[in-house]
Amino acid sequence: MSKPESHVTNFVRDVIEADIAAGKLTSEQVVTRFPPEPNGYLHVGHAKSICLNFGLAQSFGGQCNLRFDDTNPGKEDQEYVDAIMEDVRWLGFQWAGEVRYASDYFDQFYAWAQELIGKGLAYVCDLSPEQASEYRGWATQPGKPSPFRERSAEENLDLLERMKNGEFDEGSRVLRAKIDMASPNMNLRDPILYRIRKQSHHQTGDKWCIYPSYDFSHGQEDALEGVTHSICTLEFADHRPLYEWFLENLSVPAKPRQYEFGRLNLDYTVTSKRKLKRLVDENHVAGWDDPRMPTIHGMRRRGFSARAIRNFCGSLPVAKSDGVVSIAQFESAVRDDLDKHAPRAMAVLNPLKLVIENYAEGKQENLKAANHPKEDMGERELPFTREIYIDASDFNEDSSLSRKKFKRLVLGDYVRLRGAYVIKANRVEHNAAGEPTTVFCELVENTVGEDPPEGIKPRGVIHWVSASAGVKATIRVYDRLFLNASPDKGEEDFLTHINPDALKILDNCWIEPSLATAAPEASFQFEREGYFVADRFDHSASAPVFNMTIGLRDSWSDKV
RNA sequence: UGGGGUGUCGCCAAGCGGCAAGGCACUGGGUUUUGAUCCCAGCAUUCGUAGGUUCGAAUCCUUCCACCCCAGCCA
């Protein structure tokens, strides 16, 4: 169930509402589409587009199509098609009807190309790419008409047919629209409609030797599918006149309208399919679904819930400016969601053994612990034993530390074990390096769920795991992939900003037994540490593996 | 440079002639068996710049400035 998150209004929504108010269409007739090219994995920027397009359709009671813009077979792959469908579904959306492909319409596009030729609005051009570029002119300088611009319709039709039949080499000829070589908008200087590509296509195989350009496809695809509001990113604004030119000059069944909004940029993040592909191809990450990646696959494995991503995207204004959103804003949405929905549990990442000397050896109490402090999520059994682990950073031998500065265990003082007893540290054993190895404590009787007697004031509450009943686990701790807020802005290669410590593998962690049997992809809050998810692929009860999604908000550590 | 787009708090932004929403971040304070959550309070006499119109402008007009996009047989 993905109920539409509360949407702040935005200009696209306003346009649709105005269209409905003007009687141009009914609410149910609103049709949008998400049109990815299957040339890479989707990332957080696409998530915004998905949420916008599907969200708009959903809230108006209309429909949203998933359509692959597969007009360039050389860069595309079925692997990407499959991953994209999985991502859209995982985000909680369902496209209307079957998945669509631009390639479904190739025959129609071809007929339309012939129509344009018949109207004297398109021609086959034999200029080489270099020559074409010269002829195109410059910003301040109009282009020159191609010497092939005035070929007869018959000749053009014949040439196009032969291009289609594979009679010519790649790059030797293209079909162009005849528009205006002097237009200040470069996109109108006789844009390319078809180019020769003797490549097999992931959907159509070897049927075609020529493939339509984005411009000669997109508006017509929208028209064919009855898309009413075609939403794309800012860089396509210059293409809108072309988009409309085709709809104007072709016998299309409908006249969709294009609207542009600013794509999502996040600081400390790279969102360019090319750069993400480099990270994968050059092995800087373990793959497209590496939890450090801003891909939807990566975010999923990291433990960022679909709901959190949806909430985040829904909270983003849709505007025509291209700003950079702070990653903190995304993290805030993630914490907000996980705080409400993730059950609590305890895990010790850097164990320090603690022996409770006044607790019998071999004794075990199964204490009850609530799974959530506010939501009703039931309770679980928490085994308490004589030997337990606490985090090494939760103990300090310096008993002169002020209670305000260190609300944890200190030699000679009391602390509350979360969900269990109040204990006092009496002495400590060290290793050769002088590091504490075992802390010997005593517990205060009758302090489970009860305040300690007058005079005993625990410094704070720390988490713990039974040494004998707990389970050993591997925990992967993640940090941001880049150290620079704008990794791809400077002169230098963005790879120079990679954070070498973005992944730390801790393989001597201890988790409470209830965690070992967690289902893959189940999220938890490890109390006082952060949010963690059982790895989608590597986690098992016998060898538990958790990924850190994000730490708890920490308003204290940098203040001391 | 020609065309397209944008400039409002540290960041993202609402605002569409009537006297600067909201979120994130930040700063105080309260609650708390998570230094979490939650709660309460604070946070732009000012809207890229310079002029003009108006009783009144971030909102209208003009000038200038800055930034982004296009000049692929990519999308």
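None of the values given here were measured: they were computed from a predicted structure. We name chains A, B, ... by the order of the sequence lines, and we start the count at 1 in each one.
Closest to the side chain of A:Lys320, out of B:rA14, B:rU34, B:rU6, is B:rU6. Set against B:rU33, B:rA36, B:rC12, the side chain of A:Val325 has B:rC12 as its closest nucleotide. Of all nucleotides listed (B:rA13, B:rU34, B:rC24), B:rA13 comes nearest to the side chain of A:Ser321.
Side-chain N/O atoms of A:Arg528 and base N/O atoms of B:rU34 include no donor-acceptor pair closer than 3.5 Å. Donor-acceptor pairing under 3.5 Å, judged by distance alone, is present between the side chain of A:Gln525 and the base of B:rU34. A donor-acceptor contact under 3.5 Å is formed by the side chain of A:Arg408 with the base of B:rG35.
Nucleotides B:rG28 and B:rG18, compared at atom P, are 39 Å apart to the nearest Å. The same atom, P, is picked in B:rC16 and in B:rU27; the two are 34 Å apart, to the nearest Å. The separation of B:rU8 from B:rG29, taken at their C1' atoms, amounts to 31 Å, rounded to a whole angstrom. As rounded to the nearest Å, B:rU62 and B:rC9 have P atoms that lie 24 Å from one another. Comparing the P positions of B:rG10 and B:rG51 gives a spacing of 24 Å, expressed to the nearest Å. Taking atom C1' on both nucleotides, B:rC67 is separated from B:rU53 by 29 Å, rounded to a whole Å. B:rG52 and B:rA25: their C1' atoms are spaced 39 Å apart (whole Å). On the P atoms, B:rC38 is 42 Å away from B:rG5, given to the nearest whole Å.
A:Gly74 comes within 4.0 angstrom of no nucleic acid atom, judged by non-hydrogen atoms across all strands. Residue A:Val324 is in sugar-phosphate contact alone, with no base atom involved, counting any heavy-atom pair closer than 4.0 Å across all strands shown. Among the protein residues, A:Glu450 comes within range of the nucleic acid bases, having at least one heavy atom under 4.0 Å from a base atom. Residue contacts shown for A:Arg335 are absent, as no nucleic acid heavy atom lies under 4.0 Å away. Using a 4.0 Å heavy-atom cutoff across all strands shown, A:Lys404 reaches at least one base atom of the nucleic acid. A:Gly419 comes within contact range of at least one nucleobase, with a heavy-atom separation under 4.0 Å. At a threshold of 4.0 angstrom between heavy atoms, the contacts of A:Val415 with the nucleic acid are absent. Heavy atoms of A:Lys374 sit under 4.0 angstrom from at least one base atom. Within the 4.0 angstrom heavy-atom criterion, no nucleotide atom of any strand lies near A:Ser217.
You'll find the side chain of A:Leu52 stays beyond 4.5 Å of the side chain of A:Phe34, heavy atoms only. Contact of the A:Arg176 side chain with the A:Phe216 side chain is not registered, since no non-hydrogen atoms from C-beta on lie closer than 4.5 Å. Using a 4.5 Å heavy-atom threshold, the side chains of A:Val465 and A:Ile390 count as separate. Counting only heavy atoms from C-beta outward, the side chains of A:Leu121 and A:Trp245 approach each other to under 4.5 Å. Counting heavy atoms from C-beta on, the side chains of A:His218 and A:Ser230 come closer than 4.5 Å. Put simply, the side chain of A:Tyr110 does not reach to within 4.5 Å of the side chain of A:Tyr105, judged on heavy atoms.
When the P atom of B:rC11 is taken as reference, atom OH of A:Tyr268 falls 13 Å away, rounded to whole Å. Remark: C1' of B:rA36 and CG of A:Asp339 are 7 Å apart, rounded to the nearest angstrom. Atoms CZ (A:Arg344) and C1' (B:rC38) sit 12 Å apart, rounded to a whole Å. At whole-Å resolution of the value, CG in A:Leu552 and C1' in B:rU34 are 7 Å apart. Rounded to a whole Å, the CD atom of A:Glu527 is 5 Å from the C1' atom of B:rU34. In this structure, A:His463 atom NE2 and B:rG35 atom C1' are separated by 12 Å, rounded to whole Å. Residue A:Arg416 contributes atom CZ, which lies 10 Å from atom P of B:rU34 at whole-angstrom precision. In this structure, A:His341 atom NE2 and B:rU37 atom C1' are separated by 13 Å, rounded to whole Å.
Around the CG atom of A:Asp376, the shell of radius 6.0 Å holds no more than 12 heavy atoms that belong to other residues, nucleotides or ligands.
Checked against salt bridge (Lys or Arg N to Asp or Glu O under 4.0 Å), A:Arg173 has the following partners two or more places apart in sequence or in another chain: A:Asp126. Under the ring pair (Phe, Tyr, Trp, His ring centres under 6.0 Å) criterion, A:Phe406 pairs with no residue at all, not counting sequence neighbours.
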Fill in the blank from the handout: Heavy-atom contacts, protein to nucleotides 69-75 of chain B, under 4.0 Å, summarised as B (base), S (sugar-phosphate only) or - (none) per nt, yield BSBSBSB
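Here B:rG28 is in the anti range [glycosidic angle more than 90° from 0].
Pair assignment for B:rU6: B:rA66, on the basis of Watson-Crick or G-U wobble contacts that are both within less than 3.5 Å. In this structure, B:rU34 makes no Watson-Crick or G-U wobble pair, since no nucleotide meets both defining distances under 3.5 angstrom. Pairing of B:rC55, defined by two Watson-Crick or G-U wobble distances under 3.5 Å, is identified with B:rG18.
Checked against the 6.0 Å centroid criterion, the rings of A:Phe526 and A:Phe546 qualify as a close aromatic pair.
No donor-acceptor contact under 3.5 angstrom links the side chains of A:Asp77 and A:His202, judged on distance only.
Each of A:Ser326 and A:Asp336 lies near RNA chain B, and the nucleotide nearest A:Ser326 is the one positioned closer to the 5' end. Of the residues near RNA chain B, A:Phe406 and A:Ser332, the one whose nearest nucleotide (by heavy atom distance) lies more toward the 5' end is A:Ser332.
Checking the phosphate oxygens (OP1, OP2) of B:rU37, a side-chain nitrogen or oxygen of A:Arg553 falls inside 4.0 Å.
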